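Order of appearance sets the numbers: ligands from 1, and atoms from 1 within every ligand. Quick caveat: nothing in here was measured; it's all calculated off a predicted structure.
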Amino acid sequence: MKYYIATDHAGFAVKESVKKIIKDLGHHIEDLGPSSAQRVDYPDYAHLLSEAVLADSGSFGILVCGTGIGMSLAANKHEGIRAALCHDAYTAKMARAHNDANVLCFGERVVGMGVIESILKAWSETNFEGGRHSQRVAKIEP
Ligand code: RB5
């Protein structure tokens, strides 16, 4: 599976660890930046990543900021992006199983590396269940 990742300065510190976990899970991940911990505006990276995910059918995105809130708000402005702010393995699993989420957001200031690892594992191991959830997901787009 192909993943893209982007952060702001408040999510930068975990970026390399997240990339390693995704690679160890057997996936390919492309880093869309930033390349340093200098202060940046999270919407710039949320929009960049959302466009990459939409252009690469079947791919997933990972967005990290301080809380994950700003990234998810900005990414969800894109038609076709379903960005889920996840706090643990359960929310990550359900975001995939019931919501067919294609962008995972979390906050570096909210969850530690152990929880981040469990989030990434749950996300990558869970497929969309379809069925009754398909019509609900279809109704998300205005
Ligand atoms: C940056 O200080 C912080 O506001 C940002 O990373 C994010 O948490 C916004 O939602």
For ligand 1, is H9 a contact, meaning one of its heavy atoms is under 4.0 Å away? yes
Check whether any protein heavy atom sits under 4.0 Å from atom 8 (O) of ligand 1. yes
Could you tell me whether M113 atom CE has more than 12 heavy atoms of other residues or ligands within 6.0 Å of it? yes
Could you check whether Y4 and D31, counting side-chain N and O atoms only, form a donor-acceptor pair closer than 3.5 Å? no
Distance from atom 4 (O) of ligand 1 to nearest protein heavy atom, with residue and atom: Y42 CE2, 4.6 Å
Option of least heavy-atom distance to atom 10 (O) of ligand 1 (set: G70, C105, G66, A10): G70
For atom NZ of K2, is the number of surrounding heavy atoms from other residues, nucleotides or ligands below 6.0 Å larger than 12? yes
Heavy-atom distances under 4.0 Å are what count here, so tell me which part of C65 touches ligand 1: side chain, backbone, both or neither. both
Please lay out, stage by stage, how K121 and E117 fare under the test salt bridge (charged side-chain N to carboxylate O under 4.0 Å, His left out). CA-CA 6 Å; K121 194 161 182 292; E117 186 162 4; over 6 Å; no
Is it true that atom CD of E79 has more than 12 heavy atoms of other residues, nucleotides or ligands lying nearer than 6.0 Å? no
For residues F106 and V64, determine if any side-chain heavy atom of one lies less than 4.5 Å from a side-chain heavy atom of the other. yes
Which residue supplies the protein heavy atom nearest to atom 5 (C) of ligand 1, what is that atom called, and how far is it? D8 OD2, 3.3 Å
Does even one non-hydrogen atom of E108 get within less than 4.0 Å of ligand 1? no
Closest approach of any protein heavy atom to atom 2 (O) of ligand 1, naming residue and atom: R109 NH1, 3.4 Å
